[in-house]
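The next block holds one structure in the form of structure tokens; read it before the comments.
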Amino acid sequence: MNRKQILSAVIMLAVGSLAQAKNYTLTSPDGRLRVDISNGVNISVSRQGNELITVKAALNGTEAKMSGARTSKTIHEHIVSPFYRQAQFTTSYRQADIRLDDGFGLQVRAYDEGIAYRFTNTRKAETIITNETALFGFAEETKAWLSYSTNPEKPFAMAFQNTYHETLLRDARPLPAFLPATVDCGDVKVTILESDLRSYPGMFLKADGDNLTATFAHYPKKMDYYKWRGMSYVSQTEDYIAKSSGPRTYPWRVMAITEKDAEMPVNNLVYALATPNKIGDVSWLKPGKVAWDWWNDWNLRGIDFEAGINTRTYQYYIDFAAKNKLAYVVLDEGWYDSSKGDIMNPIAAIDLPALIEYGRQKGVSIVLWTVFNVLDEHLKEACEKYAKMGIKGFKVDFMDRNDQTAVEMAERIAKTCADYKLFLDYHGYFAPTGMSRTYPNIMNYEGVFGMEECRWAKKETDMPLYDVTFPFIRMMAGQVDFTPGAMRNGTRENWVVCYQNPVSMGTRCHQAACYIVHDSPFTMLCDAPTNYELEPDYTKFIAQIPDEWDETRVLQGEIGKYIVTARRKGDVWYVGGQTNWDQRTIELPLSFLGEGSYLVTLLTDGINANHNAEDYHFDRQTRHNGETLTVKMASGGGFVLKLGKTSIVDHI
């Protein structure tokens, strides 16, 4: 038996420490993925003998040598995951803990679903990280999906909202791209993400030939304020990216590996790698749908009062929420004087105690919008005041950066809000990195090119294409605050931009499917209550779609073309499908159902939806799990199915 065979045998048998070795090998539990780690640190990931990706990794540019390792047998982990895409799941991995001669360490994990590594630090003194090297190498002519920074001059200062550029790596634009990023390696796709990002800057990637190279925002040295919203920004930086004192771990660098596109939206590595729950009991947290004001511009009609940011308008929103059993109403920007950052005092037109009491009587709770640093600067004072008044949470906006101090702010807010039993919707924020496992009171995250873009997008903006791309890439990281529910819908030919009365791209059923396709336990009905009230059956149907799920599967799909997602709550299944601008007919086997007879409510594009995107059709059928449904989607279309045993399901 040669040395390499002996080393593999040692790893498989989990025999502890290896000293002075130059190379280590780790395999996934199913044996299909292999990681070879050598001095440098150089990491090679292969699948069934074919190399997929190489990684050159270092902290502070050190060419570290390995001085020993301890490897594990297969570790099985059962994870309870409240408000995630499923209530719980199991995962398995093998791990190598490697000592490096520069004082750092390296942890590598091999899952069946991908590979992850991170650096560790056992030093007691202060550690400055001037830079982290993470160079991901791919084969020639490799295609990728990248979402670039929208601020060429200051690429680390922006809202993490952009569409995906499908490109050969060597033809990519010379701009940093924010995570996640997906690379097509032929038989599989590799998606680069990060997890357990704590007290460290988030990672960007920049194309360099056939490589993707990590780059990071530097540590802020000086902050300043914009004149509007009281929003802070970085005006000067240090010459390093991170600093810390004492032992710590650094973020996981994740390479999720998927053979089928349908595996991508349900890859759980980011959540599984994050620090477990630090807030304890979560029974006080309640997911739910939200009547939202901002997207529809407070645009009520047929009423006898002046609509706007005032008490009477929000009473109307509360009445609408109560009638449709929505859990929340959010008071978005304007309830306090944001130009002064005066979060502690509502404007004169808002009687906040009266609204809270009005909502309480009707079973509707209030959520308040604010800017990240404004809340942080009044954190305990604001939490104490508004929790005592009966506010249930904050929608926090305009972080627009992910340097170390921003990441620390996000965790500080999450911890303090949990102490006061307040939940959070992180808007104006980067893609999640598992922090909702650590702090389950963070219900949702933006970091997505969401519905709000339709208020100012250009006609050539292709939202239906994006809508069937980001669930495969961005949603691998976690929840999305996409804010769906538009009641004015446009075809490719007749969509128009309208800031005060906005129109979505694609059909009404495309919008309805968002409530199934998206991971979103706190999600908006974005349009005006008076628009929903004109179509009560449709409104009732989308309002009763659950916000918390026991199980999620993606039944069919191809990135950039279409997606079909099934979610189960108890014994009832919901299926949502969306397509790009191409009309599409799919054959949907019902084999995912249990045995028996099912009552199916179908919400599908109407026969004229290619001409009038607001056209939809309801139907009811009885079906069995051995049957196949044929479903047609119009251009930019979609559908929703509700399926339950005929004896227990109440369909509209």
_Test of understanding: with ring pair (Phe, Tyr, Trp, His ring centres under 6.0 Å), list the residues that count as partners of Tyr445, not counting sequence neighbours._
Tyr429
*Quick one: does Thr433's side chain have a donor or acceptor within less than 3.5 Å of a partner on Ser195's backbone?*
no
*Between Cys526 and Gly485, what is the shortest heavy-atom contact and its length?*
SG-C, 3.6 Å
*Which residue pairs pass the salt bridge (Lys or Arg N to Asp or Glu O under 4.0 Å) test with at least one member in residues 410-433, sequence neighbours excluded?*
Arg198-Glu411, Asp376-Arg412, Lys415-Asp419
*Under 3.5 Å, side chain of Thr539 to main-chain N/O of Glu533, donor-acceptor pair present?*
no
*Between Tyr532 and Tyr538, does the ring centre distance come in under 6.0 Å?*
no
*Looking at Ala431 and Pro180, what are the two nearest heavy atoms and their distance?*
CB-CD, 4.1 Å
_According to side chain to side chain contact (heavy atoms under 4.5 Å, CB included), who are the partners of Val468, at least two apart in sequence or on a separate chain?_
Ile563, Gln578, Asn580
*Is it the case that Thr150 and Asn162 place a side-chain donor and acceptor less than 3.5 Å from each other?*
no
_I'd like to check Met505 versus Thr461 (side-chain heavy atoms, cut-off strictly below 4.5 Å). Are they in contact?_
yes
*Regarding His510 and Asp467, is there a side-chain donor-to-acceptor distance under 3.5 Å anywhere?*
yes
*Taking the side chain as every heavy atom from C-beta outward, state whether Ile366 and Leu331 have any pair of such atoms under 4.5 Å apart.*
yes
*So do the side chains of Thr491 and Asn610 get within less than 4.5 Å of each other, counting heavy atoms only?*
no
*Could you pull out the closest heavy-atom pair between Val330 and Asp293, with the gap in Å?*
O-OD2, 3.4 Å
*Are the side chains of Ile586 and Val564 in touch, meaning some heavy atoms are under 4.5 Å apart?*
yes
_Side chain to side chain, Tyr616 and Thr604, heavy atoms closer than 4.5 Å_ = no
*How far apart are the closest heavy atoms of Thr507 and Ser635, and which atoms are they?*
CG2-O, 3.7 Å
_Going by ring pair (Phe, Tyr, Trp, His ring centres under 6.0 Å), name the residues that satisfy it together with Phe83, two or more places apart in sequence or in a different chain._
none
*Under the side chain to side chain contact (heavy atoms under 4.5 Å, CB included) test, which residues partner Ser338, sequence neighbours left out?*
Arg229, Glu333, Tyr336, Trp369
*Name all pairs fulfilling the salt bridge (Lys or Arg N to Asp or Glu O under 4.0 Å) condition that reach into residues 511-523, sequence neighbours left out, sorted by first residue then second.*
Arg85-Asp519, Asp519-Arg567
*Taking the six-membered ring for Trp, are Phe394 and Phe423 ring centroids under 6.0 Å apart?*
no
*Ion pair check, Asp615 and Arg508, cut-off under 4.0 Å*: no
*Sole residue of Tyr515, Phe470, Trp295 in ring pair (Phe, Tyr, Trp, His ring centres under 6.0 Å) with Phe482*: Phe470
*Taking every non-hydrogen atom, the tightest pair across Gln479 and Pro432*: O-CG, 3.9 Å
*asked:* Among Met435, Lys395, Met399, which residue satisfies the side-chain contact (heavy atoms from CB on, under 4.5 Å) criterion with Tyr426?
replied: Met435
_Under the side-chain contact (heavy atoms from CB on, under 4.5 Å) test against Met475, which residue among Asn267, Thr565, Val480 passes?_
Val480
*Pair Asp619-Gln621, side-chain donor/acceptor within less than 3.5 Å*: yes
*Carefully, step by step, assess Glu452 and Arg455 under the rule salt bridge (charged side-chain N to carboxylate O under 4.0 Å, His left out).*
CA-CA 6 Å; Glu452 67 181 46; Arg455 292 188 74 174; over 6 Å; no
*asked:* Within the 4.5 Å heavy-atom criterion, are Val290 and Thr523 side-chain neighbours or not?
replied: no
_Can you confirm whether more than 12 heavy atoms, excluding those of Gln500, are under 6.0 Å from its CD atom?_
no
_Asn531 side chain near Arg301 side chain, heavy-atom distance below 4.5 Å_ = yes
*asked:* Tell me whether the count of non-hydrogen atoms from other residues, nucleotides or ligands lying under 6.0 Å of CD1 in Ile303 goes above 12.
replied: yes
*What about Tyr358 and Tyr314, are their ring centers closer than 6.0 Å?*
no
*Please indicate whether Lys325 has more than 12 foreign heavy atoms, meaning atoms of other residues, nucleotides or ligands, lying under 6.0 Å from its NZ.*
no
*Is NZ or CZ of Arg623 both nearer than 6.0 Å to the six-membered ring centre of Tyr598 and within 45° of the ring axis?*
no
_Trp335: which residues meet the ring pair (Phe, Tyr, Trp, His ring centres under 6.0 Å) condition with it, sequence neighbours left out?_
Tyr386
*Validation row, ring centre Phe178 to ring centre Phe430 under 6.0 Å*: no
*Hey, does Lys278 have a side-chain heavy atom less than 4.5 Å from the side chain of Tyr439?*
yes
_Checking the side chain of Asn612 only, and the main-chain atoms of Asn608 only, is there a donor and an acceptor separated by less than 3.5 Å?_
no
*So, does Thr311 use its side chain to make a donor-acceptor pair with the main chain of Leu352 at under 3.5 Å?*
no
*Using modelled atom types only, decide if a donor and an acceptor are shared between the side chain of Asn444 and the backbone of Phe522 within a distance under 3.5 Å.*
yes
_With no hydrogens and no angle check, just 3.5 Å: does a side-chain donor-acceptor pair link Asp196 and Thr275?_
yes
_Using the ring pair (Phe, Tyr, Trp, His ring centres under 6.0 Å) criterion, which residues pair with Phe449? Sequence neighbours excluded._
Tyr466
*In terms of side-chain heavy atoms, does Asp332 have a donor or acceptor partner in Trp292 at a distance below 3.5 Å?*
yes
*asked:* Going by salt bridge (Lys or Arg N to Asp or Glu O under 4.0 Å), name the pairs with one or both residues in residues 545-556, residues two or more places apart or in two chains.
replied: Lys289-Asp547, Asp550-Arg568, Glu551-Arg553, Glu551-Arg568
_Those residues that, when tested against Pro536, pass side chain to side chain contact (heavy atoms under 4.5 Å, CB included) (two or more places apart)_ = none
*Test Thr370 against Asp397 for side-chain contact (heavy atoms from CB on, under 4.5 Å), laying out the working first.*
CA-CA 6 Å; Thr370 184; Asp397 206 348; over 6 Å; no
*Determine whether the side chains of Asn296 and Asn299 contain a donor N or O and an acceptor N or O closer than 3.5 Å.*
no
*Can you name the side chain to side chain contact (heavy atoms under 4.5 Å, CB included) partners of Tyr225, sequence neighbours left out?*
Ser232, Asn373, Glu377
*How close do Ile516 and Gly576 get, heavy atom to heavy atom, and via which atoms?*
CG2-N, 3.4 Å
_Is there a salt bridge (charged side-chain N to carboxylate O under 4.0 Å, His left out) between Asp605 and Lys632? Walk through the geometry before answering._
CA-CA 7 Å; Asp605 291 322; Lys632 295 182 179 180; over 6 Å; no
*Not counting sequence neighbours, which residues clear side-chain hydrogen bond (donor to acceptor under 3.5 Å, both in side chains) with Ser81? List them please.*
none
*Are the side chain of Asn277 and the backbone of Ile279 linked by a donor-acceptor contact shorter than 3.5 Å?*
yes
